[in-house]
**Student:** 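Take this structure, written in structure tokens, and hold onto it; I'll ask about it next.
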Amino acid sequence: MPDFYPTIPVIPYDPSSKSPLAFHFYNPDETLLGKTMKAHLRFAMSYWHTMCAGGADMFGVATLDKSYGHADPMASAYVKAGAAFEFMRKLGLELYCFHDRDIAPEADTLCETNARLDKISDKLLELQNESGIAPLWGTANLFSNPRYQNGAASSCSPEVFAFAAAQVKKALELTVKLGGQGFVFWGGREGYETLLNTNYALEQENIARLFTLARDYARSIGFKGPFYVEPKPKEPMKHQYDYDAAAAIGFLRKYGLQDDFKMNIEANHATLAGHTFQHELRMAREEGMFGSIDANIGDPLLGWDTDQFPTNVYDSTLAMLEVLQAGGFTTGGLNFDAKTRRASNSFEDLFQAYVAGMDAFALGLRMAAKLQADGRLGEFVKARYAGYESGLGLDIVEGRADMAALEAFALERGDVETTSGRQEYLEHVMNCVMFGQAKL
């Protein structure tokens, strides 16, 4: 097999190195809190951004050629599969995520498209058997083709719904064939541009119908993993139904899907919804729906999904603190749904971006472990709510205090005083634990 990236070495862990092609914080075999860093983080390559996105945007064409020397789309897809596995091998990645249309181009008919997917998946399976690399999850691209301009499951056309179902069926078969641990639904066009032409209730019901059909079929062919919903409030549609984790969880519970579905939380989608990354992870964790993560970051000065590589250590620390408190990943992981900037137009930039993102989350894991061991954040929260562990508070929690009893207490007690939330102190504690030895 040719060497697609001849100037890129296998990336080592070398904290003393000044090379951008060395890990400074990610030591995959180092044990932390009883598991290796590799097991804690479960890094995955996104096939779409990594192997397919060339830097094109609405104002310009691609700046990096990812055809790998072939003008024919299928020939390119075969070669690209080999390049993908070399890329993962050199970074020490053992997982990847894919859309059906990432790994093979769509043909003129669904039958021909499925035949292409069969051929490419045979090649991927061969490469997996050689390397030990396997999918974290698979999904179907139900948003790029013009047939999905009005949505897929939420389309006003039953013919489009049927086509989307057929596409999901094949994507599920591919995921099972390749040993994928999960399956994602991202409702890229499951939403509306205006309510003037929208049957909101029917669209919601039809999304639930597709989820239910997909779940039942997947179980019938031996898929045992979770399904994930990836919330996003807007873009490309003005309003998307899986707006944020709270909306998606409410939807799943309404239609009885909560036992098979969990959340795949993306950082940049959280900020588009007006939330922090930590908020969305906390929501999923507290509701028992934490599943997997798409690791990236947005630019706070831009109002769209920039999908930048995650290098903010505060974000990665707070994210990994949520992961640790959730008990860690099971079938989920950290998928780099991120792309290099358009002006970063070399393959070396792409490797360096992964190194930066992996190191940022490794550092976040280290810092989260320190915060957890320090204990002051958790102790403060416990103390702040200690009133609910006895007396009146315990009566409230356990349902013994009715409205009359609460009124009687308030009348007898009179006005009350509240205690300080001490936010600035806690932020200082976080800095001291992460970056110094100071004790407050």
Side-chain angles (χ1 to χ4, degrees), residues 1-46 49-51 55 64 66 82-96 131-133 267 293 295-297 307-321 323-324 329 333-371 373 431-437:
M1 182 178 292
D3 192 345
F4 296 98
Y5 312 106
T7 64
I8 307 296
V10 173
I11 308 300
Y13 169 66
D14 186 356
S16 65
S17 173
K18 291 186 178 181
S19 170
L21 293 175
F23 294 119
H24 295 79
F25 303 103
Y26 177 54
N27 183 6
D29 298 319
E30 179 182 343
T31 299
L32 196 65
L33 301 177
K35 292 197 296 189
T36 63
M37 294 190 82
K38 178 171 63 176
H40 273 295
L41 296 165
R42 287 174 58 83
F43 288 130
M45 182 198 79
S46 64
H49 286 325
T50 306
M51 303 312 303
L64 180 59
K66 290 187 178 176
F85 277 75
E86 181 186 330
F87 184 89
M88 289 186 277
R89 178 180 61 80
K90 288 187 170 180
L91 281 161
L93 298 171
E94 296 181 354
L95 298 163
Y96 70 98
S131 64
I133 295 169
I293 288 175
N296 59 22
I297 196 169
D307 282 337
Q308 295 171 228
F309 273 87
T311 54
N312 185 308
V313 177
Y314 284 98
D315 280 351
S316 64
T317 297
L318 292 171
M320 289 311 301
L321 194 58
V323 173
L324 291 178
F329 292 113
L334 283 160
N335 167 51
F336 283 102
D337 186 10
K339 52 181 181 278
T340 53
R341 300 303 85 200
R342 190 164 183 268
S344 299
N345 60 353
S346 74
F347 285 116
E348 184 169 335
D349 289 318
L350 189 56
F351 276 91
Q352 289 176 5
Y354 264 83
V355 170
M358 293 167 74
D359 255 356
F361 265 92
L363 185 54
L365 171 62
R366 293 180 186 275
M367 295 298 102
K370 289 175 66 176
L371 286 166
N431 283 344
C432 290
V433 173
M434 288 174 64
F435 302 114
Q437 302 299 322

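Keep in mind that what you see is a predicted model, and the values were worked out from it rather than measured.
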**Student:** Measuring from atom CG of Leu318 to atom CG of Leu371, what distance do you get when rounded to the nearest 0.5 angstrom?
**Tutor:**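 Here the interatomic distance stands at 8.0 Å.
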
**Student:** Using the test side chain to side chain donor-acceptor pair (under 3.5 Å), find all partners of His49 that sit at least two apart in sequence or belong to another chain.
**Tutor:**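 His49 satisfies side chain to side chain donor-acceptor pair (under 3.5 Å) with Asp307, Asp337 once adjacent residues are dropped.
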
**Student:** Which residues satisfy the side chain to side chain donor-acceptor pair (under 3.5 Å) test with Asp14, sequence neighbours excluded?
**Tutor:** Ser16

**Student:** I'd like to check the side chain to side chain donor-acceptor pair (under 3.5 Å) partners of Asn431; sequence neighbours left out, ordered by chain and number.
**Tutor:**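 Only Tyr314 meet the side chain to side chain donor-acceptor pair (under 3.5 Å) criterion with Asn431.
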
**Student:** Is there a donor-acceptor pair closer than 3.5 Å between any side-chain N or O of Ser316 and the backbone N or O of Ala360?
**Tutor:** yes

**Student:** Are side-chain heavy atoms of Leu334 and Met358 found at a separation under 4.5 Å?
**Tutor:** no

**Student:** Starting at CG of Asn335, measure out to CZ of Arg42 and round the result to the nearest 0.5 Å.
**Tutor:**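 Result: 12.0 Å between the selected atoms.
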
**Student:** Can you list everything that forms a side-chain contact (heavy atoms from CB on, under 4.5 Å) with Arg341? Sequence neighbours excluded, please.
**Tutor:**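 Partners of Arg341 by the side-chain contact (heavy atoms from CB on, under 4.5 Å) criterion, ordered by chain and then number, come out as Thr306, Gln308, Lys339, Ser344.
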
**Student:** Rounded to the nearest 0.5 Å, what separation is found between the CD1 atom of Ile8 and the CZ atom of Phe347?
**Tutor:** 10.0 Å

**Student:** So Ile133 and Leu93, do their side chains get closer than 4.5 Å, heavy atoms only?
**Tutor:**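 No; the side chains remain at least 4.5 Å from each other.
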
**Student:** Quick one: closest heavy-atom pair of Thr311 and Ala356, and the distance?
**Tutor:** CG2-CB, 3.9 Å

**Student:** Checking Phe25 now: which residues fulfil ring pair (Phe, Tyr, Trp, His ring centres under 6.0 Å) with it, not counting sequence neighbours?
**Tutor:** none

**Student:** Return the set of residues passing salt bridge (Lys or Arg N to Asp or Glu O under 4.0 Å) with Glu30 (not counting sequence neighbours), or none when no residue passes.
**Tutor:**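 So Glu30 forms a salt bridge (Lys or Arg N to Asp or Glu O under 4.0 Å) with Arg366.
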
**Student:** Under the ring pair (Phe, Tyr, Trp, His ring centres under 6.0 Å) test, which residues partner Tyr26, sequence neighbours left out?
**Tutor:** Phe23, Phe43

**Student:** Less than 4.5 Å apart, any side-chain heavy atom of Lys66 and any of Leu350?
**Tutor:** yes

**Student:** Could you tell me whether a side-chain N or O of Lys90 sits under 3.5 Å from a main-chain N or O of Tyr5, the two making a donor and an acceptor?
**Tutor:** yes

**Student:** Check whether any side-chain heavy atom of Thr340 sits under 4.5 Å from a side-chain heavy atom of Leu64, and report yes or no.
**Tutor:** no

**Student:** Are Leu365 and Leu324 close enough that some pair of their side-chain heavy atoms sits under 4.5 Å apart?
**Tutor:** yes

**Student:** Who passes ring pair (Phe, Tyr, Trp, His ring centres under 6.0 Å) against Tyr354, sequence neighbours left out?
**Tutor:** Phe87, Phe309, Phe336

**Student:** Tell me which pairs pass salt bridge (Lys or Arg N to Asp or Glu O under 4.0 Å) where either residue lies in residues 345-364, with sequence neighbours left out.
**Tutor:** none

**Student:** For Asp315, which residues count as a salt bridge (Lys or Arg N to Asp or Glu O under 4.0 Å) partner, sequence neighbours excluded?
**Tutor:** none

**Student:** For a quick test of your reading: what N or O donor-acceptor pairs under 3.5 Å do the side chains of residues 33-40 make, sequence neighbours left out?
**Tutor:**
{"from": "Thr36", "atom 1": "OG1", "to": "Ala39", "atom 2": "N", "distance (Å)": "3.1"}
{"from": "Lys38", "atom 1": "NZ", "to": "Glu94", "atom 2": "OE2", "distance (Å)": "3.3"}
{"from": "His40", "atom 1": "NE2", "to": "Leu32", "atom 2": "O", "distance (Å)": "2.6"}

**Student:** Under a 4.5 Å cut-off applied to non-hydrogen side-chain atoms, are Met51 and Met45 in contact?
**Tutor:** yes

**Student:** Over all heavy atoms of both residues, which pair between Pro20 and Val355 is shortest? Give the atoms and the distance, please.
**Tutor:**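 Where Pro20 meets Val355 most closely, the heavy atoms are O-CG1, 3.6 Å.
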
**Student:** Side chains of Phe329 and Ile293: closer than 4.5 Å at any heavy-atom pair?
**Tutor:**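 In contact.
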
**Student:** Might you point out which heavy atoms bring Ala295 and Ala338 nearest each other, and give the distance in Å?
**Tutor:** O-CB, 4.0 Å

**Student:** By side-chain contact (heavy atoms from CB on, under 4.5 Å), which residues pair with Arg89, not counting sequence neighbours?
**Tutor:**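 Counting only residues at least two positions away or on another chain, Arg89 forms a side-chain contact (heavy atoms from CB on, under 4.5 Å) with Val10, Glu86.
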
**Student:** What pair of heavy atoms forms the shortest contact from Ala362 to Leu41, and how long is it?
**Tutor:** CA-CD1, 3.9 Å

